[in-house]
Amino acid sequence: MPEIIEVEITKQKLKSAIQGKRILDFWTDWPRGLISQEGGMKKTTKKLKGKKINGLSRKGKAVILNLEGHKILAIHQRMSGHMPVNLPENKHTRFRIFLSDNTDVSLVDPRKFGVVWYGSEKWFNEQPYIKNLGYDAMSIKRSQLFRILSNSRSSLKSLLLNQSKIAGLGNIACDEILWRARLNPLCRSDTLNVREAELLYKSIYTILADVLRYGGTSMSNWRHPDGEQGNYQKKFKIYKQKKCVRCKKSIKSEKIAGRSTYFCKICQPSKI
DNA sequence: GTATTTGTTCAATA
DNA sequence: ATATTGAACAAATA
Ligand SMILES: [Zn+2]
């Protein structure tokens, strides 16, 4: 499930678990998931061995291990990944990072969509996914959002999902944000008035704060690095819901911007 | 067998 | 240049 908040939680909990430790070994059963400046697993592992983890950070939905010597080991959990600490290997374990102090971190990822990058900071920041990220959804300014809105002729749903405009929002957060803001997902972004844009801005912050407060969303496999489950799935107002809690009418989903989109036709009316 | 899935990228098309 | 749509990636689940 990892959307921005799940990635943020992963980063935070990994920080307390592994910051300052050294990498002893690196393992995979899915070498196709590695994108490395060094080429393959063998050379990458050789470079990783002995490197200290100076800090943890995040760009978009990527968790970043900042290593000594300005090197980066970064992970994108994509659709089905999570990053447990000290979990024994299972059939879905794709990568493992063995650390000093008998600690290890895994990328467990049944669908194998996850990606692991290794390279210099400079190289990493030139990777297309990273290079193209827009303003981070957790810190975008009102003026930045307003400018993006007025310059986009695409639908709101498509804009919010577009990582090169706003980085981090996923399908669930988008639907919850638009429901809270009472905005139709098909509404053209550059037609919002100031009141609507302000409501959208507030809704981004409110929903993300809520997701964080409830520890993220655990729909199937996603867990915190320490094994804790998120509970935001119990707080959904619109995503996967049958009935709107505001107007009591039934909710239908449509495919918008390539994704299942849940919205209330009464509370989020189309202006056209 | 069917359809769906928290994400991203790419090709084809308008 | 922008925007949209569908397919692809791979596996689990309903
Ligand atoms: Zn409603």
Side-chain angles (χ1 to χ4, degrees), chain A residues 1-10 28-35 58-63 74-83 90-95 107-117 126-134 137 148-178 185-191 207-208 210-212 214-224 229-242 252-262:
Chain A
M1 358 202 97
E3 298 188 357
I4 188 167
I5 297 301
E6 289 74 24
V7 180
E8 182 66 21
I9 291 167
T10 301
T28 188
D29 82 333
W30 184 245
R32 282 173 58 187
L34 178 69
I35 301 173
R58 176 183 64 77
K59 286 190 177 181
K61 296 170 189 160
V63 182
I75 299 92
H76 197 309
Q77 306 170 85
R78 290 282 192 104
M79 291 283 267
S80 67
H82 74 288
M83 298 192 63
N90 64 54
K91 66 180 291 203
H92 299 313
T93 306
R94 304 306 172 202
F95 287 88
L107 172 63
V108 176
D109 179 25
R111 290 173 70 181
K112 299 177 175 173
F113 284 175
V115 173
V116 175
W117 291 273
E126 288 300 313
Q127 293 300 298
Y129 173 78
I130 299 299
K131 190 183 177 177
N132 294 327
L133 290 173
I148 290 171
L149 285 167
S150 55
N151 289 332
S152 171
R153 278 135 282 165
S154 66
S155 68
L156 286 172
K157 173 84 183 213
S158 173
L159 178 70
L160 294 178
L161 281 173
N162 188 338
Q163 304 295 299
S164 66
K165 298 284 190 343
I166 304 172
L169 298 180
N171 197 38
I172 298 172
C174 287
D175 285 5
E176 295 293 332
I177 288 165
L178 290 171
L186 286 166
C187 175
R188 237 180 86 149
S189 304
D190 60 4
T191 66
I207 295 299
L208 294 187
D210 263 16
V211 182
L212 188 56
Y214 289 100
T217 303
S218 286
M219 291 204 46
S220 53
N221 284 311
W222 190 81
R223 299 286 183 279
H224 298 198
Q229 277 196 256
N231 286 305
Y232 188 69
Q233 66 280 6
K234 298 170 188 163
K235 300 290 169 182
F236 289 165
K237 293 286 204 296
I238 189 77
Y239 183 76
K240 286 266 162 82
Q241 302 306 295
K242 303 260 185 284
K252 41 207 116 191
S253 86
E254 281 178 32
K255 200 149 221 121
I256 300 173
R259 310 297 298 274
S260 293
T261 299
Y262 293 80

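All values below come from the heavy atoms of this structure, side chains included, with hydrogens, waters and symmetry mates left out. Proteins come first, then strands; the chains are lettered A, B, ... in the order of their sequence lines, and each starts at number 1.
- Between the side chain of A:Gln229 and the backbone N or O of A:Met219 there is no donor-acceptor pair closer than 3.5 Å.
- Evaluation of the side chain to side chain contact (heavy atoms under 4.5 Å, CB included) rule for A:Ser154 yields A:Ser152, A:Ser158, A:Leu159, A:Ser189 as partners, not counting sequence neighbours.
- Put simply, the side chain of A:Glu176 never gets that close to the backbone of A:Ile207: no donor and acceptor are under 3.5 Å apart.
- The CE atom of A:Met79 sits 11 Å away from the C1' atom of C:dA12 (whole-angstrom rounding).
- Every residue meeting the ring-ring contact (aromatic ring centres under 6.0 Å, His included) condition with A:Tyr262, not counting sequence neighbours, appears here in chain and number order: A:Tyr239.
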Original post:
Which nucleotides of nucleotides 3-8 of chain C have their base under 4.0 Å from a protein heavy atom (B), which only their sugar-phosphate (S), and which neither (-), written as one string 5' to 3'?
Top reply: SS----
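- Scored by the side chain to side chain donor-acceptor pair (under 3.5 Å) test, A:Lys91 finds no partners at all (sequence neighbours excluded).
- Residue A:Lys91 is in sugar-phosphate contact alone, with no base atom involved, counting any heavy-atom pair closer than 4.0 Å across all strands shown.
- A search for side chain to side chain contact (heavy atoms under 4.5 Å, CB included) contacts involving A:Ala62 returns A:Trp117, A:Tyr129, A:Ile130, not counting sequence neighbours.
- With a cut-off of 3.5 Å on both pairing distances, the Watson-Crick and G-U wobble pairs of DNA chain C assemble into stems of 3 or more at B:2-5 with C:11-14, B:7-14 with C:2-9.
- Out of C:dC9, B:dT9, B:dT4, the shortest distance to the side chain of A:Ser260 is found at B:dT4.
- Atom P of B:dT8 sits at a distance of 24 Å from the matching atom of C:dA1, rounded to the whole Å.
- Candidate nucleotides B:dT8, B:dG7, C:dA12 were compared by shortest atom distance to the side chain of A:Gln163, and B:dT8 ranks first.
- Against DNA chain B, the stretch residues 107-117 of chain A makes heavy-atom approaches under 4.0 Å through A:Arg111, A:Phe113.
- The salt bridge (Lys or Arg N to Asp or Glu O under 4.0 Å) analysis of residues 148-168 of chain A, with sequence neighbours excluded, yields the pairs A:Lys157-A:Asp175.
- For A:His92, the ring-ring contact (aromatic ring centres under 6.0 Å, His included) test picks out no residue, with sequence neighbours left out.
- By the salt bridge (charged side-chain N to carboxylate O under 4.0 Å, His left out) test, A:Lys131 is found to be paired with A:Glu126, residues two or more places apart in sequence or in another chain being considered.
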What nitrogen or oxygen pairs link the protein and nucleotides 10-14 of chain B at under 3.5 Å?
none

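- Residues forming a salt bridge (charged side-chain N to carboxylate O under 4.0 Å, His left out) with A:Arg188 (at least two apart in sequence, or on another chain): A:Asp190.
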